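None of these values were measured; they are calculated from a predicted model. In what follows, every chain begins at residue 1, and chains take the letters A, B, ... in the order their sequences are listed.
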Amino acid sequence: MSRLARSLVRHIDPAVAIAFGCIAALLFLGSLYSTSFVSPAFLLQQLKVASFLGVIATGAMIVILLGQIDLSVPWVVAVGGMMSTAVASWWGPVGGIIAIPFGILCGVALGLVSGFGVAYLRIPSMIVTLAVNAVAQGLMVVHTGGFSPQDASSQAMRFLATGNSLLGIPNALLVWGVVGAAATFLLSRTTFGRAVYGIGNSERAVYLSGVKLQRVVLLAFALSGGLSAFGGVLLAGYASKAAQGMGDAYLLPSIAAVVLGGTSILGGRGNYLGTVAGVILITLLQSILSVMQIEESGRQIIYGVVIILMLLLYGREGLVH
Amino acid sequence: MNEWRYRIGEHRQTLLAFIVFLLMFVIYVSNHPAGFNANVVTTAANKGVLLALVAMAQTIVVLTAGIDLSVGMVFILTNCLASWIVVGSLGMTALGVIGVLLTGSLCGALNGLIVIYGRLQPIVTTIATGAIYFGLALALRPVPGGDVNSTLADSLTGQLPGGIPASLVALFIVVLVIWVPFRRSEIGRAVYAAGSSEIAAYMSGVPIRRAKLVAYSLSGLLASMGGLFLTFITYSGEASAANGGTYTLYSIAAVVLGGVSLFGGAGSAIGAIFGALMFRTIGDLLFVFDLEPLWQPLFQGIVLLVAVSLGSVRLFRIRNRLDLFG
């Protein structure tokens, strides 16, 4: 028993433990303010809202593990939302079903462009994803004619984002669960996952050991694009339509969630449980601040300060020398 | 002779940015319905200078092998602050300008302190501080509004005798007063050294921490000059998260177009200025060619994508495939 406990302790990343500790602390502080913070209904509602960020952060995490970054999140999310709602309204009932895969595929396509630039053209990911973001924005401006899109989301999208299934668990949370389980499996049990961690640590070493490195990078960016777009599909289902700036609020929180979960922004280190903790932490922080009716300005300031303080707790790098 | 070749080699990227910009600008004005006149140039210059200042701010941090994602938010914060305090009599206005520039430098210095002594990655640090600066901006200006000393504003956004845009002259003075002395100083060289190899710089006794702190503070100062200039153009302050984000992203694009290496240690702020002017001209080119304004963002995006892809021409010069994977 004690051996099991010891091996358990050894396997827990201190960063993940601290992140979960902070979640508990936040809930405790919240419950001092109002007991409804610890009610099951509130917590489920929080987890449902967190699912959208969770799906997007999963993609961000895979790319960050490579030691790269995906700045195309805002408009790839919007592409996912807008293209799926567009298909839903173009093709009636049939469109309602294929809207979801179609939205995701659009994101995958954009992710492939970023991935090609990073893997084969060797352009820094920060700049190529920035350019892809601009292209995606341009495409959507042309698509919507500059107005906010009028297409409504399909029944299936609304079902995924707002419905409840067994035991009253929100479907969005189940979706995040499936995505998270798949990501955990991919990262810890497949050669792809091993290559992702390897590339984050030393690209040269991975290349010399005969891994088709460029294909892995391409695939990782495609996954990230697809997951961002999937987040957009879910958000469009949640709000029952897409909007121009719907993805803007997701770029920084997704990166912050991944980093707060103990994943190194330099790549190669981190596990998915940490990202789960980071996503819940960010969502809780945002909702507690808004429930306390703190003005938007105050919320932004506290949000920034908390991220800095938490990273100072456990996100510091070693000295160079 | 040899010295000249060396000098041109050193500034090749900057020269390239300058030439491309010049070509684009010539196409722009020669197709402009109003032709080459002082008003067309002044309007273009004002927009260009705005981005150029933010791009210079970004450059100095990028030279240390960092990145500043809060640069757009410092720009917005100082814009909101300037719309409060750069008003009134000459003395008041002067104090206000100093206050704005000081605030910007402090924001930059805070980023620097967290990165240097907190040992956090610049990218996450500036994401978080960006939220703080935006929150402050929002506290200053919950709704757009405010005012600015219009005499000062008009004199800096207007034309000098002879039709020369005053903003360009102002930018030139900023380069002369800030960038040139910085580049030639010991601390400036230390910034380049720290950016190209921090360990080697440390081993050679380069004051890395001081260099980085100066770089981040200067970056904040330049961003606040941008914010001040935005106030002069719009006569008001607005805490717009979208604007802040856009300027951050555009500043990175301008830096790359201007030939500054994102890996640090190579490039110059002058290149970034031409990168910024180039990026602005790309956007304007579409108007003169009478295409649908709707297509402008897409066009701008594709040009950006193609431009950064051109950088991969260097891959043809690589002899050993291992060099691909630094």
So which residues of residues 285-294 of chain A are in contact with chain B at a heavy-atom cut-off of under 4.5 Å?
-> none
To the nearest 0.5 angstrom, please state how far the CD1 atom of Ile85(B) sits from the SG atom of Cys80(B).
-> 11.5 Å
Rounded to the nearest 0.5 Å, how far does CD1 of Ile69(A) lie from CD1 of Ile255(A)?
-> 4.0 Å
Max heavy-atom pair count under 4.5 Å with chain B, selected residue of [options]:
{"options": "Ile123(A), Leu208(A), Val306(A)", "answer": "Ile123(A)"}
{"options": "Gly117(A), Ala131(A), Ala134(A)", "answer": "Ala131(A)"}
{"options": "Leu130(A), Ile307(A), Val305(A), Leu252(A)", "answer": "Leu130(A)"}
{"options": "Gly145(A), Gly245(A), Gly298(A)", "answer": "Gly145(A)"}

Considering only heavy atoms, which portion of [X] lies under 4.5 Å from any heavy atom of chain A: side chain, backbone, both, or neither?
{"X": "Val256(B)", "result": "side chain"}
{"X": "Leu262(B)", "result": "side chain"}
{"X": "Tyr250(B)", "result": "neither"}
{"X": "Ile123(B)", "result": "side chain"}
{"X": "Leu249(B)", "result": "both"}
{"X": "Phe299(B)", "result": "neither"}

Any side-chain heavy atom of [X] within less than 4.5 Å of one from [Y]?
{"X": "Leu305(B)", "Y": "Val113(A)", "result": "yes"}
{"X": "Tyr117(B)", "Y": "Arg209(B)", "result": "yes"}
{"X": "Trp75(A)", "Y": "Leu110(A)", "result": "no"}
{"X": "Ser268(B)", "Y": "Phe274(B)", "result": "no"}
{"X": "Met73(B)", "Y": "Gln300(A)", "result": "no"}
{"X": "Thr275(A)", "Y": "Thr58(A)", "result": "no"}
{"X": "Val142(A)", "Y": "Trp295(B)", "result": "yes"}

So for [X], is it side chain, backbone, both, or neither that comes closer than 4.5 Å to the heavy atoms of chain B?
{"X": "Leu266(A)", "result": "side chain"}
{"X": "Ile199(A)", "result": "neither"}
{"X": "Glu295(A)", "result": "neither"}
{"X": "Leu139(A)", "result": "both"}

Residues Leu63(B) and Gly267(B): closest non-hydrogen pair is CD2-O, 3.8 Å
Minimum heavy-atom separation for Ile67(B) to Met126(A), with atom names?
-> CD1-SD, 3.4 Å
Give me the one residue out of Met140(A), His143(A), Gln137(A) that meets side-chain contact (heavy atoms from CB on, under 4.5 Å) with Val79(A).
-> Met140(A)
Got a list of side-chain donor-acceptor pairs under 3.5 Å for residues 133-144 of chain B, not counting sequence neighbours?
residue, atom, partner, partner atom, Å
Tyr133(B), OH, Cys107(B), O, 2.7
Tyr133(B), OH, Asn111(B), OD1, 3.4
Arg141(B), NE, Ser83(B), OG, 2.7
Arg141(B), NE, Gly145(B), O, 3.3
Arg141(B), NH2, Ser83(B), O, 3.2
Arg141(B), NH2, Ser83(B), OG, 3.3

